[in-house]
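Below: one structure, written as structure tokens.
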Amino acid sequence: MSLPFVPLLAVVSAFLGGWLYWRRGESTDTSRTESLRDAVSLRTDGGERRADGGERRADNSASHGETLPGVIGSLYGREHKTGKPYGLMRWVTSVDHKDIGILYLLFGLAAGLWGATDAVMIRTELFTPTTDVWDAHTYNALFTTHGLTMLFFFVTPVFTGLANYFLPLLIDADDMAFPRINAIAFWLLPPSFVLVRAGLLTEVLAKMIDAVGPRIEFLYALEPPTPGWTLYVPQAIQLTNPQVDLLLLGLHLSGLATVMGAVNIIVTIFTERGERVGWSNMDILSWSLLTTSGIILFAFPILGSALLMLLLDRNFGTAFFALEAGGPILWQHLFWFFGHPEVYILVLPAFGLTSQILPKFAGRRLFGFKFIVYSTLAIGVLSFGVWAHHMFATGMDPRLRASFMVITLAIAVPSAVKTFNWMATLWNGNVRLEAPMQFLLGGIALFIVGGVTGIFLASIPVDLVLHGTYYVVAHFHFIVVGIIAFSMFAASYYWYPLFTGRMYNKRLATIHAVLSIGGVIVTFFPLFILGLMGLPRRSAQYPVQFTSLQQIATVGAFILAISVGIWLFNMVNSFRTGPVVRDPDPWDLKSTGQFSREWQWFEDRMSRDLARPRVLADGGREVVAVADDPSADDSPADGPPEDDPSVDGPSADDSPADAHPADDVTETDE
């Protein structure tokens, strides 16, 4: 299916990354960035590259056990001691929360690109009414793997990566509570992903071997799974493809990894908070991650149990999902008791990112901080009372069905509270349309469309008509691609200077935002019309009268693909040639008192790195003196006081004692 594209992308990315690693350059100065043109450039492992092309290790005696300063950015690894393993061993053996966070982000990115390739292939097939691009079997396999990949191996790992990286910084902790469990949780994901998609991997491997040698029959035994991402029985039991068994094991393994990550987040927040971080002044992103982790603890064990029962039914003759024991209805209850809380497992971190980043570019504190926290907790509780609205069409008792309709309507209230609080934060604010803000505004607008259309689906009579149509697909993707993916893009731009020590290309970022917002509308809005016209979903074929709308949606999917390509190019190229950040406050957050703890950490590390002596290529040392800042005490307060829980962000007293703006650094030769 989509694998030939993925190894090609991996090879090209590895080659490009290796080349960029050795050929990183610098760009011109701006007000908050500068070009570094030192005689010595540093490797990402902390060593140095001589100006004449030779290399040598950093002089530990000169740096007193610490790496040499250079471009300030976590991807460069400057904050690590020289005693830490270098190169590949650093990433394989690390238990540092920042390293593991980066690994989560890279894994989620790779899985997301693969899942997005599945989606583009699905839309390519739907460009014509007949199955003349792929066949129906391939379409069903793409439909299955796309949903599972994006939910379990893209969105969840990306948000877990952000939690790993920033949670200890936001709550003033040294690391996650269980660093080794943290590492184990990540390293369970790659093998689980291989198990889920093993059928495609073995098929491609078999065909590659056939081209140069004998045919190996057992490699053809596994075929891409086709039961759909919901794994409905009895079809999931009756399929003889052994790949379905590996799929179930892979999902169970990923669930174990997710639960371990959730336990780590909960324990970290409860036990590792700094002395000045209380429940009243903990940031909104940490509250969202805490609530999400609580949902995971209750939802994922249910899925794991259901998967094991399905595995036993397939292989050991048990009858958990036999018709006499409940059959398809029992599976749907178990699956959707996990499945609908899973929607909020995905969306609550996106809400948290939106609430965290939006005030920074609105020039105002977050409006109604306490009510956003309460609404987050309310969503966490109510999410377990709405699962059966996916089953209105199954013929369940009307009284039970009505109760689930009421709770489904009620859970829209806390989501609306967040939306109105975001709007109130923007009201009369000094809005700066930087790339993060562009994606946040676009995501909020798309989320409103997805949320309002979900209210209609909560009504039993409407759902009975629209449940099996493209209307549901449009509603779901306006939320998933809108608020969730857009919050990820906003976070990638917002924290890019902190990650890399460089600034991205703002013009490309704006193009990316425009294409993304337009692409979502062009791709998924026609699906609302198709659903209202009664076109069933999950089918590779459709009547010819729906061709025009399907083709418009396919064009929109390719627009989204182009926008993702622009984002990738911007991230990689800016990592190489982007302007070097010389100000630890690249977004001017101090002017509005929102210089939050992760940026304080960045400022503290930048000050310490710039204050260290640097070993020059000729054997001399460059001394960097940090001047006192007479205006430091006049900076605005950085966050809410501990006795004011209604304001989001940390207190000004939480800033590092030895932090100084990089602008005050003067360099002299020794």
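Hydrogens, waters and symmetry mates are skipped; everything else that's a heavy atom, side chains included, is used.
How far OG of Ser574 is from OH of Tyr493: 8.5 Å, rounded to the nearest 0.5 Å. To the nearest 0.5 angstrom, Phe153 atom CZ is 9.5 Å from Arg197 atom CZ. Within the model, atoms CG of Leu289 and CZ of Phe166 stand 11.5 Å from one another, a figure rounded to the nearest 0.5 Å. With rounding to the nearest 0.5 Å, the separation of OG1 in Thr554 from CG in Leu549 is 11.0 Å. Interatomic distance, Tyr104 OH to Phe159 CZ, rounded to the nearest 0.5 Å: 14.5 Å. Note that CG of Leu348 is 11.0 Å distant from CG of Leu285, once rounded to the nearest 0.5 Å.
In this structure, the side-chain hydrogen bond (donor to acceptor under 3.5 Å, both in side chains) partners of His389, at least two apart in sequence or on a different chain, are Thr408. When the side-chain hydrogen bond (donor to acceptor under 3.5 Å, both in side chains) test is applied to Glu434, no partner is found at least two apart in sequence or on another chain. Under the rule for a side chain to side chain contact (heavy atoms under 4.5 Å, CB included), the partners of Ser563 that lie at least two apart in sequence or sit in another chain are His512, Leu515, Ser516, Leu560. Every residue meeting the side-chain hydrogen bond (donor to acceptor under 3.5 Å, both in side chains) condition with Gln438, not counting sequence neighbours, appears here in chain and number order: Thr510. Not counting sequence neighbours, the partners of Trp336 by the side-chain hydrogen bond (donor to acceptor under 3.5 Å, both in side chains) test are Tyr232.
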Please assess Trp495 against Glu598 for the test side chain to side chain donor-acceptor pair (under 3.5 Å), listing each intermediate value before the final yes or no.
CA-CA 9 Å; Trp495 282 313; Glu598 78 275 21; 3.1 Å; yes
Lys418 and Thr376: CA distance, side-chain angles, deciding distance, side chain to side chain donor-acceptor pair (under 3.5 Å) verdict:
CA-CA 9 Å; Lys418 294 179 179 296; Thr376 300; 2.4 Å; yes
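More than 12 heavy-atom neighbours from other residues, nucleotides or ligands sit within 6.0 angstrom of CZ on Phe546. Heavy-atom neighbours of Phe525 CZ from other residues, nucleotides or ligands within 6.0 Å: at or below the threshold of 12.
Looking at Arg502, its side chain does come within 3.5 Å of a backbone N or O of Phe575 through a donor-acceptor pair. At distances below 3.5 Å, at least one donor-acceptor pair connects side-chain atoms of Ser383 with backbone N or O atoms of Gly380. Proximity of a side-chain donor or acceptor of Arg364 to a complementary backbone N or O of Val431 within less than 3.5 Å is not detected. Not a single donor-acceptor pair under 3.5 Å links the side chain of Asp463 to the backbone N or O of Ala458. Side chain of Thr500 to backbone of Pro497: no donor-acceptor contact under 3.5 angstrom is found.
When every heavy atom of Ala262 is checked against every heavy atom of Ile296, the shortest pair comes out as CB-CG2, 3.7 Å. Residues Leu109 and Trp567 come closest through the heavy atom pair CD1-CZ3, 3.6 Å. Among all heavy-atom pairs drawn from Leu151 and Thr156, the shortest one is O-OG1, 3.1 Å. When every heavy atom of His97 is checked against every heavy atom of Pro168, the shortest pair comes out as ND1-CG, 3.5 Å.
In summary, of the residues considered (Trp599, Phe499, Phe489), a ring-ring contact (aromatic ring centres under 6.0 Å, His included) with Tyr494 occurs for Trp599 alone. Partner of Phe351 under the ring-ring contact (aromatic ring centres under 6.0 Å, His included) criterion, chosen from Trp422, Tyr344, Trp287: Trp422.
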Show me the donor-acceptor pairs, under 3.5 Å and distance only, between side chains in residues 526-537 and residues at least two apart or in other chains.
unit_1, atom_1, unit_2, atom_2, d
Arg537, NE, His467, O, 3.2
Arg537, NH2, His467, O, 2.7

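Salt-bridge formation is detected for the pair Glu603/Lys590: a Lys NZ or Arg NE/NH1/NH2 atom is positioned less than 4.0 Å from an Asp or Glu carboxylate oxygen.
Note: Trp114 and Phe154 fail the aromatic proximity criterion, with ring centroids not under 6.0 Å apart. When ring centroids are compared, Phe107 and Phe193 come within the 6.0 Å threshold. For Phe300 and Phe338, the distance between ring centers is under 6.0 angstrom.
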